[in-house]
Amino acid sequence: EAVVPETGSTAKTQLIALGIMLGLVGATTSVLILAMGDQNIRTVEEAKKTFGYTLLGIIPMFKSKRLSRYFQGEKATPDIAVVEASDSFISEIYRMLQANLKFLSSDKRIKTIVVTSSVPKEGKSTVSANLAATLAQLGYRVMLIDADMRQPSQHHLWGLTNAVGLSDILVGQAELSSVIRQGIERLDIIPAGVTPPNPLALLDSKRMTSLIRNFSEDYDFVIIDTPPLILAADALTLSQMASGVLLVARPRVLDRASANSAKEMLERSGQRVLGLVVNAISKNESAQYFYHAKRYFPSRKSNRRDQNKLPTQVNYYSKK
């Protein structure tokens with residue numbers, strides 16, 4: 001017959017140890033599976049390694065109100081930060097970007113820059129607008145062209161009308177003087193205009209080539225906002241008329257397959273890639289790269305432009 005023990009034994013210690021071991025194995029397996037399934041580029045280093053281009057700028061993204069007040073004034077993440085808060089740290093980052101572009105070539109000055117990305121939502125239009133504004137604030141005469149006729153953004157960023165623009169000029173439906181708008185002092189803007197049936201046919205034309213040539217003679221810099229590389233051939237076409245391509249990459253939005261496809265397209269077409277801008281990096285990476293910025297750039301009130309004052313129309317021919 002069974003004998004009832006006087007004291008119980010549950011092997012509690014052994015069970016706890018076994019549970020911890022199984023938990024560690026399960027957690028490690030889950031992390032490995034998620035890592036294998038996640039094809040997004042998540043850090044600056046991953047973007048550098050994937051593309052292999054010269055890193056010209058790292059643009060932070062701050063969502064918390066405390067950090068946005070410090071980095072960009074009182075308004076959280078303004079679209080054109082260098083105008084909203086010209087004395088902020090984010091403005092200084094764009095000045096560093098233009099300085100890096102300036103020192104790329106000592107024998108031939110870079111004047112016409114095509115700004116593009118691999119996929120949508122990487123911030124190419126915002127980078128184009130801020131870079132153009134930075135150059136204008138430094139005293140250069142700048143032309144910003146919205147050549148993304150499929151999904152134009154510059155008229156939204158600057159508060160412009162898109163009733164007429166680049167497409168209307170190229171088809172002969174509008175005069176250049178009636179399309180050019182002024183964003184800030186020394187910065188002229190051409191919106192994309194009405195979306196045509198075939199934007200590439202207009203961009204890959206003698207008239208477009210002539211426009212860019214004339215602008216490069218009359219302005220110190222020409223910044224061209226173009227569609228993503230893997231969705232349209234517009235950027236590759238326009239880059240043949242420019243000094244080079246500035247590629248914008250945004251971690252957690254860009255995946256490795258798209259990045260590799262974009263890099264292959266650039267290499268196959270023989271385009272000159274000026275460098276890489278990694279945009280909207282995470283809070284943790286921002287703390288890593290810009291740890292000392294808070295001491296050097298104290299919080300200031302925003303030098304905000306008058307939001308009710310729309311950019312004005314300018315006469316292009318009067319500037320010649």
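Basis for what follows: all heavy atoms, side chains included, without hydrogens, waters or symmetry-related copies.
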Can you list the residues that meet the salt bridge (Lys or Arg N to Asp or Glu O under 4.0 Å) rule with Lys111, with sequence neighbours excluded? none
Are any side-chain N or O atoms of Glu285 and backbone N or O atoms of Ser282, one a donor and one an acceptor, separated by less than 3.5 Å? no
Closest non-hydrogen atom pair, Ala81 against Asn130: N-OD1, 2.9 Å
Given side-chain contact (heavy atoms from CB on, under 4.5 Å), test Leu104 with Asn100 step by step and report yes or no. CA-CA 6 Å; Leu104 277 178; Asn100 289 333; 5.9 Å; no
Has Gln288 got more than 12 heavy atoms of other residues, nucleotides or ligands less than 6.0 Å from its CD? yes
Val277 versus Tyr94: any side-chain heavy-atom pair under 4.5 Å? no
Working to the nearest 0.5 Å, report the span between CD1 of Ile212 and OG1 of Thr112. 7.0 Å
Nearest 0.5 Å, what's the CD1-CD1 distance between Ile145 and Ile180? 9.0 Å
Residue set satisfying side chain to side chain contact (heavy atoms under 4.5 Å, CB included) with Arg207, at least two apart, ordered chain then number -> Ile169, Leu170, Ser205
Those residues that, when tested against Glu264, pass side chain to side chain donor-acceptor pair (under 3.5 Å) (two or more places apart): Arg268
For Thr209, check side chain to side chain contact (heavy atoms under 4.5 Å, CB included) against everything at least two apart and list the hits. Arg213, Met241
Between Ser178 and Ala174 (side chain of the first, backbone of the second, donor and acceptor by atom type, cut-off under 3.5 Å), is there such a pair? no
Evaluate the side-chain proximity of Gln240 to Gln271: yes if any heavy-atom separation is below 4.5 Å, no if none is. yes
Can you tell me how far OG of Ser125 sits from NE2 of His156, rounded to the nearest 0.5 angstrom? 10.0 Å
Let me see the working for Gln98 and Leu131 under side-chain contact (heavy atoms from CB on, under 4.5 Å), right down to the final yes or no. CA-CA 7 Å; Gln98 71 81 29; Leu131 177 59; 4.0 Å; yes
Check step by step if side chain to side chain donor-acceptor pair (under 3.5 Å) holds for Ser88 and Ser91. CA-CA 5 Å; Ser88 65; Ser91 300; 3.2 Å; yes
Start with the C-alpha gap between Leu229 and Val119, add the side-chain angles, then the distance that decides, and say whether side-chain contact (heavy atoms from CB on, under 4.5 Å) holds. CA-CA 7 Å; Leu229 284 166; Val119 298; over 6 Å; no
Are any of the side-chain nitrogens in Arg141 or Asp218 under 4.0 Å away from the carboxylate oxygens of its partner? no
If you define the side chain from C-beta out and look only at heavy atoms, does anything of Ser269 sit under 4.5 Å from Met265? no
With a 4.0 Å cut-off, would you call Asp148 and Lys124 a salt bridge? yes
Working to the nearest 0.5 Å, report the span between CG of Leu254 and OG1 of Thr50. 7.5 Å
Kindly say whether Pro191 contributes a backbone atom to a donor-acceptor pair with the side chain of Asn162 at under 3.5 angstrom? no
Minimal heavy-atom distance between Pro228 and Ser118, with the atoms involved, is CB-O, 3.5 Å
Should Glu46 and Lys49 count as an ion pair when the cut-off is N to O under 4.0 Å? no
When you measure from the side chain of Arg272 to the backbone N and O of Ala242, does any donor-acceptor pair fall under 3.5 Å? no
Distance, nearest 0.5 Å, that separates CG of Leu200 from OG1 of Thr237: 4.5 Å
Of the non-hydrogen atoms in Lys263 and Gly52, which two are nearest, and what is the gap between them? NZ-N, 4.4 Å
Non-hydrogen side-chain atoms of Phe215 and Leu176 separated by less than 4.5 Å: yes
Strictly distance-based, threshold 3.5 Å: is any side-chain N or O of Ser86 a donor or acceptor partner for the main-chain N or O of Val83? no
Looking only at heavy atoms, the pair that brings Val142 and Ala136 closest together is CG2-N, 3.7 Å
Keeping Asn40 on the side-chain end and Arg42 on the backbone end, is there a donor-acceptor pair under 3.5 Å? no
Going by atom types alone, do Asp234 and Thr226 pair a side-chain donor with an acceptor below 3.5 Å? no
For residues Asp188 and Tyr219, determine if any side-chain heavy atom of one lies less than 4.5 Å from a side-chain heavy atom of the other. yes
Could you tell me whether the side chain of Gln151 reaches within less than 4.5 Å of the side chain of Pro227, counting heavy atoms only? no
Path from Tyr289 to Leu276 over hydrophobic side-chain contacts below 4.5 Å: yes
Residue pair Gln137 / Arg95: nearest heavy atoms and the distance that separates them: OE1-NH2, 4.1 Å
Is there a side-chain contact between Leu166 and Leu202 (heavy atoms, below 4.5 Å)? no
Can a donor-acceptor pair be found, under 3.5 Å and without considering hydrogens, that links the side chain of Ser286 to the backbone of Pro60? no
Honestly curious: do Val171 and Met149 fall in one hydrophobic cluster under the side-chain, below-4.5 Å linking rule? yes
Closest approach of Gly165 and Val179, non-hydrogen atoms and distance? CA-CG1, 3.5 Å
I'd like to know whether Gln173 forms a side-chain contact (heavy atoms from CB on, under 4.5 Å) with Val164, so could you lay out the CA-CA distance, the side-chain angles of the two residues, the decisive distance to 0.1 Å, and finally the verdict. CA-CA 9 Å; Gln173 296 296 322; Val164 292; over 6 Å; no
Between Val194 and Leu211, is there shared hydrophobic-cluster membership here, with clusters defined by ILVMFWY side-chain heavy atoms closer than 4.5 Å? no
Applying side chain to side chain donor-acceptor pair (under 3.5 Å), name anything that partners Asn279, two or more places apart in sequence or on another chain. none
State the CG-OH distance between Leu274 and Tyr53, to the nearest 0.5 angstrom. 11.0 Å
Can you find a pair of side-chain heavy atoms, one from Ile59 and one from Ile281, that are under 4.5 Å apart? no
By ring-ring contact (aromatic ring centres under 6.0 Å, His included), Tyr140 pairs with (sequence neighbours left out) Phe221
Keeping the roles fixed (side chain from Asp146, backbone from Gln154), state whether a donor-acceptor pair exists under 3.5 Å. yes
